[in-house]
**Student:** 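The structure is given below, and queries will be raised subsequently.
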Amino acid sequence: MVPDRRGNLTFVEGGNHVPFQIARAYWVYDVPGGARRGAHAYHHLEELIIAISGSFEVGVDDGCKRSRYTLNRGYVGLYVPQMTWRSLENFSTNAVCLCLASRRYSPDDYVRDYDEFVALVSASS
Ligand code: TYD
């Protein structure tokens with residue numbers, strides 16, 4: 001973060017602050033109370049998830065261990081490696097979730113079934 005009385009500034013560089021080149025950015029916003037987004041894993045995609053505004057929770061699960069993080073600072077990003085089940089929940093009013101991704105959008109890279117995810121993790125270990 002670069003604090004400034006005129007307003008703070010934060011930046012991120014692919015391959016420097018995150019261990020991948022940034023191929024895509026997308027953001028999730030106007031999420032109604034109680035809604036959940038992004039409950040899936042990716043075969044190959046890595047990402048950085050940032051609460052640009054407001055707050056939300058990210059549940060992450062590598063097939064062995066589950067963790068939960070509250071993101072509520074625009075200068076903090078959560079790195080999520082490939083083959084991690086992740087879900088976004090408990091969005092505050094006006095929350096904006098920015099995702100910086102290592103790959104362009106590809107539906108084939110998604111693992112949308114949790115049991116399939118667990119089976120894939122088990123098969124690779
Ligand atoms: P998705 O990643 O499936 O979000 P969620 O798991 O929260 O439903 O994306 C929702 C829809 O948006 C899906 O139909 C695909 C589309 N989409 C794109 O076309 N490009 C993108 O970069 C993303 C992230 C989603």
Side-chain angles (χ1 to χ4, degrees):
M1 189 197 12
V2 186
D4 192 307
R5 270 180 292 186
R6 298 170 300 159
N8 301 330
L9 181 153
T10 298
F11 59 95
V12 58
E13 297 175 352
N16 183 10
H17 304 110
V18 291
F20 57 84
Q21 293 298 334
I22 297 164
R24 177 168 53 111
Y26 66 90
W27 44 102
V28 179
Y29 53 97
D30 291 346
V31 178
R36 181 169 67 172
R37 299 282 334 223
H40 51 69
Y42 300 105
H43 289 285
H44 301 293
L45 184 148
E46 305 164 76
E47 62 186 343
L48 190 76
I49 301 177
I50 304 160
I52 288 296
S53 174
S55 69
F56 53 87
E57 292 178 6
V58 187
V60 293
D61 176 347
D62 65 4
C64 298
K65 183 169 172 266
R66 291 181 181 179
S67 307
R68 179 163 290 274
Y69 301 91
T70 299
L71 300 185
N72 56 13
R73 295 282 181 265
Y75 54 84
V76 173
L78 177 68
Y79 170 68
V80 181
Q82 59 270 60
M83 281 307 286
T84 305
W85 191 268
R86 44 71 128 197
S87 62
L88 311 171
E89 293 159 344
N90 293 325
F91 283 74
S92 69
T93 304
N94 294 331
V96 180
C97 168
L98 174 66
C99 296
L100 303 176
S102 64
R103 292 179 172 237
R104 294 174 66 174
Y105 175 68
S106 167
D108 294 342
D109 195 41
Y110 280 66
V111 185
R112 291 196 177 274
D113 181 81
Y114 185 75
D115 292 340
E116 182 191 351
F117 165 72
V118 172
L120 285 166
V121 171
S122 302
S124 66
S125 59

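Start at 1 and go down the list; that is how both ligands and their atoms are numbered. Computed over heavy atoms, backbone and side chain alike; hydrogens, waters and symmetry mates excluded.
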**Student:** What residue and heavy atom of the protein are closest to atom 21 (C) of ligand 1, and at what distance?
**Tutor:**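 Nearest neighbour among protein heavy atoms for atom 21 (C) of ligand 1, to 0.1 Å: Arg24 NH1, 3.3 Å.
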
**Student:** In sequence, state the C-alpha distance, the side-chain angles, and the governing distance for Ile49 and Leu88, and then conclude on side chain to side chain contact (heavy atoms under 4.5 Å, CB included).
**Tutor:** CA-CA 10 Å; Ile49 301 177; Leu88 311 171; 4.2 Å; yes

**Student:** Please say whether more than 12 non-hydrogen atoms of neighbouring residues, nucleotides or ligands are located less than 6.0 Å from OH in Tyr26.
**Tutor:**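 Yes, because the 6.0 Å sphere around OH of Tyr26 holds more than 12 heavy atoms from other groups.
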
**Student:** Please check if the number of heavy atoms outside Asn94 that lie under 6.0 Å from its CG is greater than 12.
**Tutor:**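 Check fails, neighbour count at 12 or below.
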
**Student:** Testing the 3.5 Å rule here: is there a donor-acceptor pair between the side chains of Asn8 and Tyr75?
**Tutor:**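 No - no donor-acceptor pair under 3.5 Å links their side chains.
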
**Student:** Using a plain distance cutoff, I'd like to know if Arg37 has any nitrogen or oxygen under 3.5 Å from a nitrogen or oxygen of ligand 1.
**Tutor:**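 Yes; at least one N/O pair falls below 3.5 Å.
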
**Student:** So for atom CZ, which belongs to Arg24, do other residues, nucleotides or ligands contribute more than 12 heavy atoms lying within a distance under 6.0 Å?
**Tutor:**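 Atom CZ in Arg24 is packed in, count exceeds 12.
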
**Student:** Decide whether the shortest distance between a heavy atom of Arg112 and an atom of ligand 1 is less than 4.0 Å.
**Tutor:**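 Judged by the 4.0 Å heavy-atom criterion, Arg112 does count as contacting ligand 1.
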
**Student:** Output the list of atoms in ligand 1 that are nearer than 4.0 Å to some heavy atom of His40, sorted by atom number.
**Tutor:**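 Listed by number with element: 2 (O), 6 (O).
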
**Student:** Take atom 7 (O) of ligand 1 and look for protein heavy atoms under 4.0 Å from it; say yes if you find one, no if not.
**Tutor:**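 Yes, at least one protein heavy atom sits under 4.0 Å from atom 7 (O) of ligand 1.
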
**Student:** Please indicate, with yes or no, if any protein heavy atom is found under 4.0 Å from atom 24 (C) of ligand 1?
**Tutor:**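 Given the 4.0 Å limit, the answer for atom 24 (C) of ligand 1 is yes, a protein heavy atom qualifies.
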
**Student:** Take Leu48 and Tyr79 through the test side chain to side chain contact (heavy atoms under 4.5 Å, CB included) and record every step on the way to the result.
**Tutor:** CA-CA 4 Å; Leu48 190 76; Tyr79 170 68; 4.2 Å; yes

**Student:** Using heavy-atom distances only, which candidate in Trp27, Tyr110, Tyr105 approaches atom 15 (C) of ligand 1 most closely?
**Tutor:**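 Looking at heavy atoms only, Tyr105 sits closest to atom 15 (C) of ligand 1.
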
**Student:** Considering the heavy atoms of Tyr26, write down every atom of ligand 1 situated less than 4.0 Å from one of them.
**Tutor:**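 By the 4.0 Å cutoff, the relevant atoms are 24 (C).
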
